[in-house]
*Asks:* 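What follows is a structure written as structure tokens; I'll ask about it next.
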Amino acid sequence: MRIKTWINEFKLALIKEEVAVLEKLLDVFDLKNFVKQLSGSENFQEELKENLNEIAALLQGASVLISQKKTLQALEIQKFQKAFVYTKA
């Protein structure tokens with residue numbers, strides 16, 4: 001997969017909050033291959049730095065999203081537990 005394609009797909013999955021797609025993209029993430037793709041470029045170091053910075057920001061965003069989703073799921077579980085206790089009483 002080309003680095004720009006991976007970045008664009010990751011951005012889209014992040015915007016749509018599609019955690020399963022993010023996980024799939026992380027499974028195919030191959031930094032060595034991405035560096036090879038850029039190695040023929042005239043502006044190799046500049047492009048590599050830009051792409052690595054963008055990837056780092058996207059990974060940070062994914063980490064925040066997943067953390068928020070886990071927190072939300074924990075709150076939902078707590079609500080169901082309280083509702084279950086209430087209905088038993």
Side-chain angles (χ1 to χ4, degrees):
M1 177 179 282
R2 306 277 311 154
I3 190 168
K4 289 295 180 186
T5 303
W6 187 91
I7 288 172
N8 289 336
E9 288 182 14
F10 201 91
K11 282 180 187 177
L12 185 60
L14 197 55
I15 290 167
K16 291 182 171 184
E17 298 184 358
E18 295 175 329
V19 175
V21 175
L22 293 172
E23 290 173 350
K24 179 181 151 194
L25 288 167
L26 287 171
D27 286 342
V28 299
F29 181 74
D30 184 2
L31 187 58
K32 210 182 249 190
N33 184 37
F34 289 163
V35 172
K36 279 183 186 179
Q37 290 174 21
L38 295 173
S39 64
S41 172
E42 292 177 10
N43 301 326
F44 171 73
Q45 288 184 343
E46 185 178 316
E47 286 184 36
L48 181 61
K49 184 179 177 182
E50 287 175 17
N51 285 316
L52 289 177
N53 287 338
E54 190 167 10
I55 289 170
L58 290 170
L59 292 175
Q60 179 64 31
S63 176
V64 169
L65 173 67
I66 291 168
S67 177
Q68 289 173 345
K69 292 251 182 203
K70 283 183 180 180
T71 301
L72 183 61
Q73 287 177 342
L75 291 173
E76 290 297 318
I77 289 170
Q78 287 176 349
K79 286 180 188 178
F80 285 122
Q81 288 174 334
K82 287 179 183 179
F84 182 71
V85 169
Y86 179 75
T87 57
K88 274 184 127 180

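For the numbers below, each heavy atom of this structure counts, side chains included, while hydrogens, waters and symmetry mates do not. Every value quoted in this text rests on a predicted model; they were computed, and no experiment measured them.
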*Asks:* Mind jotting down which residue pairs meet the ring pair (Phe, Tyr, Trp, His ring centres under 6.0 Å) criterion with at least one end in residues 45-70? Sequence neighbours excluded, please.
*Replies:* none
*Asks:* Hey, what do you get for CG (L38) to CD (Q45), rounding to the nearest 0.5 Å?
*Replies:* 11.5 Å
*Asks:* Identify all side-chain donor-acceptor contacts of residues 51-62 below 3.5 Å with residues at least two apart in sequence or on another chain.
*Replies:*
| from | atom 1 | to | atom 2 | distance (Å) |
| --- | --- | --- | --- | --- |
| N51 | OD1 | K4 | NZ | 3.2 |
| N51 | ND2 | E47 | O | 3.0 |
| N53 | ND2 | K49 | O | 3.3 |
| E54 | OE2 | K11 | NZ | 2.6 |

*Asks:* Using the test side-chain contact (heavy atoms from CB on, under 4.5 Å), find all partners of K82 that sit at least two apart in sequence or belong to another chain.
*Replies:* none
*Asks:* Can I get a per-line list of side-chain donor-acceptor pairs under 3.5 Å for residues 65-80, giving both atom names and the distance, sequence neighbours left out?
*Replies:*
| from | atom 1 | to | atom 2 | distance (Å) |
| --- | --- | --- | --- | --- |
| T71 | OG1 | S67 | O | 3.0 |

*Asks:* Taking distance alone, no hydrogens or angles, what donor-acceptor pairs closer than 3.5 Å link side-chain atoms of residues 23-37 to residues at least two apart or in another chain?
*Replies:*
| from | atom 1 | to | atom 2 | distance (Å) |
| --- | --- | --- | --- | --- |
| D30 | OD1 | K32 | N | 3.4 |
| D30 | OD1 | N33 | N | 3.4 |
| Q37 | OE1 | I3 | N | 2.9 |
| Q37 | NE2 | M1 | O | 2.8 |

